[in-house]
J.: 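Structure incoming, see below.
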Amino acid sequence: MVSQSTARRYDPDISRLTSEVVDLIWNELPGYSADMVEKSELIQSVERYVRLTINVLRRGEAPTFGELAIESDLGSRRAKQNVPLESVILAFRATERVLLLDVFSDRHHWPLKLTRHYADLVIDTFDRLSQHTVNSYRETYSVLESLHERAQSDLMDALISGIALHPAQLATWAQMLSVEPGRPYLAVAIATEGDKDPLKALRLRTRFSLALQPAAAGPVLFGETPAAQVGLFSPAGPVARALENLKSTITGLHWEGRLIVGVGTLSDDLPSAGSSCLEALSAADVGRRQERQQTVVTYESVLIDSLLLDRAKTADALVESRLRRLEDHPQLLETLQALVDNDFSQSKTARSLFIHINTVAHRLKKIQTLTGYDPLRLNELLELALAMRYRKLVRGD
């Protein structure tokens with residue numbers, strides 16, 4: 001401990017030191033800018049730390065716990081302001097550096113022992129301040145992260161379930177998640193098969209979130225269903241840009257197994273975004289049933305398939321009434337499917353099946369006899385084709 005008479009020799013210009021520190025921090029460290037922190041609040045905080053350090057140096061003793069608590073809410077406040085923890089720590093180090101340089105700049109007036117003592121006190125003070133603030137920051141950030149995840153999950157669950165959003169609850173979620181309810185939103189559903197490792201699922205979500213973020217105006221939200229992970233975002237530009245990002249992500253993943261990304265249509269606003277979520281899930285389901293491997297499937301490209309799956313009872317009746325009598329005649333089902341696949345051309349159908357065109361004609365006549373529907377009449381062929389399409393979606397054959 002140094003004597004009071006000696007310690008009082010250190011009497012710096014507090015305003016100058018504060019200004020030097022703020023210049024090193026403001027608009028230099030991520031998070032310390034007008035969009036996140038008020039400059040006047042930063043100046044006040046820095047000045048308090050400078051004064052604390054000067055008081056510590058004047059008495060020659062380390063700061064007390066009470067003194068460390070002068071900014072007990074700083075860590076919590078910076079976490080709420082979303083200032084990166086690294087920036088908070090660097091701000092302390094900037095203050096420490098300015099004070100150390102000031103101490104050493106006047107060292108020729110003091111004994112070497114006193115200068116070293118001052119330096120140790122400055123370093124010790126900011127080590128303790130940093131640790132005190134980091135603990136507070138982490139505690140608050142952990143709580144905020146938990147609340148954020150809960151709000152995100154609750155919002156997505158409500159949208160996917162078709163629950164009407166109460167205006168007050170929507171406003172709370174919007175504030176917590178930093179989203180604008182009045183903007184249009186687009187949903188994507190990421191479906192995989194095989195390994196359901198939670199860590200892999202989290203990594204997959206992160207990759208797609210990063211892929212969508214450049215095309216999004218605001219955060220990318222995620223929820224889960226047993227079938228897929230559902231992402232929701234507000235496009236900042238053309239939807240086509242987001243689709244390209246999704247396709248590029250799939251290509252770069254080198255994913256082992258099937259990976260289908262369903263994409264809904266653009267909703268008018270957040271309250272109506274549940275329809276886009278359901279459309280994305282439907283598109284992913286169709287892609288999975290069509291046995292696609294790794295691709296992006298838009299809802300608009302599979303409208304007929306989605307319609308059939310949505311009206312499963314009616315579609316089952318369609319298959320039963322149109323195709324039941326063909327179940328024991330696989331060659332007739334094969335010929336009917338080939339006719340549909342070859343634009344209703346009998347000659348193309350014959351070539352694709354490596355049979356004579358007269359055989360095709362004979363089989364088509366047999367189909368009419370068994371089902372009562374003539375595959376050479378467009379309207380009746382369309383009904384048969386829809387039944388075949390649904391049958392393939394459900395059975396995979």
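For reference, positions follow the sequence shown, starting with 1.
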J.: Say whether Leu177 and Tyr185 are linked into one hydrophobic cluster, either directly or through other cluster members, by side-chain heavy-atom distances under 4.5 angstrom.
T.: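 The answer is yes; both residues are in one hydrophobic cluster.
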J.: Report the distance from atom CG of Leu323 to atom CG of Leu332, rounding to the nearest 0.5 Å.
T.: 11.0 Å
J.: Of all heavy-atom pairs between Leu165 and Pro271, which one has the smallest distance, and what is that distance?
T.: CD1-CA, 3.9 Å
J.: Between Glu67 and Thr64 (side chain of the first, backbone of the second, donor and acceptor by atom type, cut-off under 3.5 Å), is there such a pair?
T.: yes
J.: Would you tell me whether Glu47 and Thr18 have side-chain atoms, one donor and one acceptor, within less than 3.5 Å of each other?
T.: no
J.: Do Leu221 and Phe233 land in one hydrophobic cluster if side-chain heavy atoms of ILVMFWY residues count as linked below 4.5 Å?
T.: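 The answer is no; the residues belong to distinct hydrophobic clusters.
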J.: If we ignore hydrogens and angles and just use 3.5 Å, is the side chain of Ser275 paired with the main-chain N or O of Ser272 as donor and acceptor?
T.: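 A pair under 3.5 Å: yes.
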J.: For residues Ser301 and Thr298, is any side-chain donor paired with an opposing acceptor at under 3.5 Å?
T.: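 Distance-only check passes for Ser301 and Thr298.
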J.: Distance-only, no hydrogens or angles: does the Arg322 side chain make a donor-acceptor pair with backbone N or O of Tyr373 under 3.5 Å?
T.: no
J.: First locate atom OG of Ser130, then atom CD1 of Ile123, and finally report the distance between them rounded to the nearest 0.5 Å.
T.: 11.5 Å
J.: Quick one: pull up CD1 in Ile54 and OG1 in Thr125 and give me the separation to the nearest 0.5 Å.
T.: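 Going from CD1 on Ile54 over to OG1 on Thr125, the span is 11.5 Å.
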J.: So, Ser19 side chain and Ser15 main chain: donor-acceptor pair closer than 3.5 Å or not?
T.: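 No; zero donor-acceptor contacts below 3.5 Å.
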J.: Report the distance from atom OG1 of Thr95 to atom CG of Leu100, rounding to the nearest 0.5 Å.
T.: 11.0 Å
J.: Mind listing the closest non-hydrogen atom pair of Val302 and Ala283 along with its distance?
T.: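 Shortest heavy-atom contact: CG2-CA, 4.1 Å.
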J.: Is there a donor-acceptor contact under 3.5 Å from the side chain of Ser276 to the main chain of Ala273?
T.: no
J.: List the steps, then state whether side-chain hydrogen bond (donor to acceptor under 3.5 Å, both in side chains) holds for Gln337 with Asp341.
T.: CA-CA 6 Å; Gln337 185 62 59; Asp341 293 341; 2.9 Å; yes
J.: Give the intermediate values and the outcome of salt bridge (charged side-chain N to carboxylate O under 4.0 Å, His left out) for residues Lys80 and Glu139.
T.: CA-CA 11 Å; Lys80 292 176 182 177; Glu139 289 173 2; over 6 Å; no
J.: Using side-chain heavy atoms (C-beta onward) and a distance below 4.5 Å, is Leu90 in contact with Ile25?
T.: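 A side-chain contact is absent here, since even the closest heavy-atom pair is not under 4.5 Å.
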J.: Would you check if there is a donor-acceptor pair between the side chains of Asn342 and Ser345 at a distance under 3.5 Å?
T.: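 No, because no side-chain N or O of Ser345 sits under 3.5 Å from a partner of the opposite role on Asn342.
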J.: Charged N to carboxylate O below 4.0 Å: is that the case for Asp285 and Arg288?
T.: yes
J.: Tell me, do Val319 and Arg324 make a side-chain contact under 4.5 Å, heavy atoms counted?
T.: no
J.: Looking at Arg93 and Glu96, does any basic side-chain N land under 4.0 Å from a carboxylate oxygen?
T.: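 So Arg93 pairs with Glu96 through a salt bridge.
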J.: To the nearest 0.5 Å, what is the distance between CG on Leu336 and CE on Met388?
T.: 4.5 Å
J.: Can you establish whether the number of heavy atoms outside Arg16 located under 6.0 Å from its atom CZ is more than 12?
T.: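 Counting other residues, nucleotides and ligands, CZ of Arg16 exceeds 12 neighbours.
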J.: Is a side-chain donor-acceptor pair under 3.5 Å present for Asp316 with Tyr390?
T.: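 Judged by distance alone, the side chains do pair up.
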J.: Closest heavy-atom contact between Ala284 and Ile260?
T.: O-CG2, 3.8 Å
J.: So does Glu86 have more than 12 non-hydrogen atoms from other groups sitting under 6.0 Å from CD?
T.: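 At most 12 heavy atoms, drawn from other residues, nucleotides or ligands, come within 6.0 Å of this atom.
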J.: Tyr49 vs Phe126 aromatic rings, parallel, tilted or perpendicular, using cut-offs 30° and 60°?
T.: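 If you compare the ring of Tyr49 with that of Phe126, the planes turn out tilted.
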J.: OG1/Thr192 to CD/Gln229 distance, rounded to the nearest 0.5 angstrom?
T.: 7.5 Å
J.: Is Val134 close to Val88 at the side-chain level, that is, under 4.5 Å between some pair of heavy atoms?
T.: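 Val88 does not reach Val134 side chain to side chain.
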J.: If you take all heavy atoms of Gln152 and Val220, which pair is closest and at what distance?
T.: OE1-O, 3.9 Å
J.: Is Arg325 salt-bridged to Glu320, going by a charged N under 4.0 Å from an acidic O?
T.: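 Answer for the salt bridge query: no.
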J.: Can you confirm whether Arg77 sits close enough to Ser45 that some side-chain heavy atom of one is under 4.5 Å from a side-chain heavy atom of the other?
T.: yes
J.: Is a donor on one side and an acceptor on the other found under 3.5 Å between the side chain of Ser153 and the backbone of Glu149?
T.: no
J.: Of all the heavy-atom pairs spanning Trp173 and Ala151, show the shortest one and how long it is.
T.: CD1-CB, 3.7 Å
J.: Can you establish whether the number of heavy atoms outside Gln293 located under 6.0 Å from its atom CD is more than 12?
T.: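 Yes, because the 6.0 Å sphere around CD of Gln293 holds more than 12 heavy atoms from other groups.
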J.: For Gly218, does its backbone N or O pair with a side-chain atom of Gln213 as donor and acceptor, under 3.5 Å?
T.: yes
J.: Would you check, one step at a time, whether the test side chain to side chain contact (heavy atoms under 4.5 Å, CB included) holds for Asp73 with Ser136?
T.: CA-CA 7 Å; Asp73 69 330; Ser136 173; over 6 Å; no
J.: Can Ile367 and Thr371 be said to form a side chain to side chain contact (heavy atoms under 4.5 Å, CB included), step by step?
T.: CA-CA 6 Å; Ile367 290 172; Thr371 66; 4.1 Å; yes
J.: Does the side chain to side chain contact (heavy atoms under 4.5 Å, CB included) test come out yes or no for Arg48 and Leu52, once each step is laid out?
T.: CA-CA 6 Å; Arg48 280 194 287 270; Leu52 168 63; over 6 Å; no
J.: Is any NZ, NE, NH1 or NH2 atom of the basic residue among Glu383 and Arg389 found under 4.0 Å from an Asp or Glu carboxylate oxygen of the other?
T.: no
J.: Kindly say whether Ala168 contributes a backbone atom to a donor-acceptor pair with the side chain of Thr172 at under 3.5 angstrom?
T.: yes
J.: Do any N or O atoms from the side chain of Glu380 and from the backbone of Asp374 form a donor-acceptor pair under 3.5 angstrom?
T.: yes
J.: Could you check whether any side-chain heavy atom of Leu74 comes within less than 4.5 Å of a side-chain heavy atom of Tyr137, counting everything from C-beta outward?
T.: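 Side chain of Leu74 against side chain of Tyr137, heavy atoms only: no contact under 4.5 Å found.
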J.: With a 4.5 Å heavy-atom cut-off, do Pro63 and Arg128 have their side chains touching?
T.: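 A side-chain contact under 4.5 Å exists here.
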J.: Considering only heavy atoms from C-beta outward, does the side chain of Trp26 approach that of Leu42 to under 4.5 Å?
T.: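 Side-chain contact under 4.5 Å: yes.
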J.: Suppose we screen for side chain to side chain donor-acceptor pair (under 3.5 Å). Which residues come up paired with Glu224, at least two apart in sequence or across chains?
T.: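 Once residues adjacent in sequence are excluded, the partners of Glu224 under the side chain to side chain donor-acceptor pair (under 3.5 Å) criterion are Arg205.
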J.: Going through the checks in order, is the salt bridge (charged side-chain N to carboxylate O under 4.0 Å, His left out) test met by Arg97 and Glu20?
T.: CA-CA 10 Å; Arg97 184 165 63 253; Glu20 288 182 19; over 6 Å; no
J.: Closest heavy-atom contact between Gly287 and Arg258?
T.: O-NH2, 3.4 Å
J.: Between Arg78 and Glu41, does at least one N-O distance fall below 4.0 Å, as a salt bridge requires?
T.: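 A salt bridge is present here (some side-chain N lies under 4.0 Å from a carboxylate O).
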J.: Between Phe222 and Phe208, is the ring centre distance below 6.0 Å?
T.: no
J.: Go through the steps for Leu85 and Tyr141 under the test side chain to side chain contact (heavy atoms under 4.5 Å, CB included), then give the verdict.
T.: CA-CA 10 Å; Leu85 179 57; Tyr141 188 83; over 6 Å; no
J.: Under 3.5 Å, sequence neighbours excluded: what are the donor-acceptor pairs made by side chains of residues 354-362?
T.:
{"from": "His356", "atom 1": "ND1", "to": "Asn358", "atom 2": "N", "distance (Å)": "2.9"}

J.: If we ignore hydrogens and angles and just use 3.5 Å, is the side chain of Ser321 paired with the main-chain N or O of Leu318 as donor and acceptor?
T.: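 The answer is yes, because a donor-acceptor pair under 3.5 Å joins these two groups.
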J.: Is any side-chain heavy atom of Val230 closer than 4.5 Å to one of Leu281?
T.: yes
